[in-house]
Amino acid sequence: MLKHLIAFGLKLGYVSLVALTVLSIADIPITWILLIALAVTIPAYIADVIAFPQFGNFIATLADFVMYTFVLAILLVSFVDGSIRSLLLAAGIGGTLVFFEAIYHEFIMKKVVKVKGANPLFGKFEMQTEFAEEMDIKEAVKKDSEEKKPH
């Protein structure tokens with residue numbers, strides 16, 4: 001439980017920081033900004049706990065971007081002002097948070113919360129070096145042609 005509180009607190013911290021940075025330019029009161037950050041962080045954290053282990057970092061980060069942009073757009077248009085500026089702010093905040101999300105998923109969700117089955121960005125790449133002897137092509141062709149001749 002404490003691990004989830006730490007992870008949620010860190011997520012709330014950077015979401016609040018980005019929201020305060022961007023939305024304070026638009027003259028939105030700090031209490032509204034913090035309430036908006038809390039309203040966005042709760043469903044995003046729940047989605048991280050559910051989506052990250054199943055789909056990996058890339059899909060979870062993409063889902064977070066869509067969720068941040070959609071929820072912020074609804075909140076900003078509904079409660080702040082109904083302008084295009086709100087939609088652009090929501091997309092800007094969502095895009096900025098995506099950079100933090102990729103790092104958050106890799107380190108916090110894997111190391112702090114220890115989510116099982118978390119995949120890397122595009123799957124696990126396991127490669128092994130192949131060891132073989134070099135072969136002389138001319139001699140191999142000559143040997144094959146001699147074997148195919150009737151004796």
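The shown structure was predicted, so the numbers you read here are calculated from the model rather than taken from an experiment. Values below: every heavy atom of this structure, side chains too, minus hydrogens, waters and symmetry copies.
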To the closest 0.5 Å, what do you measure between CD (Glu146) and CD (Glu139)? 9.5 Å
Is the shortest side-chain heavy-atom distance between Met67 and Val40 below 4.5 Å? no
Residue list, side chain to side chain contact (heavy atoms under 4.5 Å, CB included) with Leu20, at least two apart or on another chain: Ile30, Ile33, Leu34
Taking only residues at least two apart or on different chains, which pairs with a member in residues 26-45 satisfy salt bridge (Lys or Arg N to Asp or Glu O under 4.0 Å)? none
How many angstroms lie between atom CD1 of Ile46 and atom OG1 of Thr41, to the nearest 0.5 angstrom? 11.0 Å
Is it possible for you to say whether Leu2 and Leu10 belong to one hydrophobic cluster, with membership spreading through side-chain heavy-atom contacts below 4.5 Å? yes
On a heavy-atom basis, which atom in Leu75 and which in Ala39 lie closest, and how many Å separate them? CD1-CB, 3.9 Å
Tyr45 side-chain N/O to Leu12 backbone N/O, donor-acceptor pair under 3.5 Å: no
Hydrophobic clusters here meaning ILVMFWY residues chained together by side-chain heavy-atom distances under 4.5 Å, can you tell me if Ile42 and Leu17 are in one? no
Linking Ile, Leu, Val, Met, Phe, Trp and Tyr through side-chain heavy atoms less than 4.5 Å apart, which residues share a cluster with Phe65? Val66, Val98
From OG1 (Thr21) to OH (Tyr14), nearest 0.5 Å: 14.0 Å
Under 4.5 Å between any side-chain heavy atoms of Tyr68 and Ile93, yes or no? no
Other hydrophobic cluster members with Ile84, side-chain heavy atoms of Ile/Leu/Val/Met/Phe/Trp/Tyr under 4.5 Å, chained? Val77, Leu87, Leu88
Which pairs pass side-chain hydrogen bond (donor to acceptor under 3.5 Å, both in side chains) with one or both residues in residues 29-40, sequence neighbours excluded? none
Pairs flagged by salt bridge (Lys or Arg N to Asp or Glu O under 4.0 Å) wherever residues 93-104 is involved - sequence neighbours left out: Lys11-Glu101
Any side-chain heavy-atom pair from Leu89 and Leu72 closer than 4.5 angstrom? no
Check for me, please, whether Phe99 and Val22 land in the same ILVMFWY cluster - side-chain distances under 4.5 Å, paths through other members count. no
Would you indicate whether the side-chain heavy atoms of Leu97 and Asp64 approach each other to under 4.5 Å? no
Looking at every non-hydrogen atom in both residues, tell me the closest pair between Ala73 and Ala90 and how far apart they are. N-CB, 3.5 Å
Kindly give the cluster partners of Leu35, where membership spreads through any ILVMFWY side chain lying under 4.5 Å from a current member. none
Under the side chain to side chain contact (heavy atoms under 4.5 Å, CB included) test, which residues partner Ala102, sequence neighbours left out? Asn57, Thr61
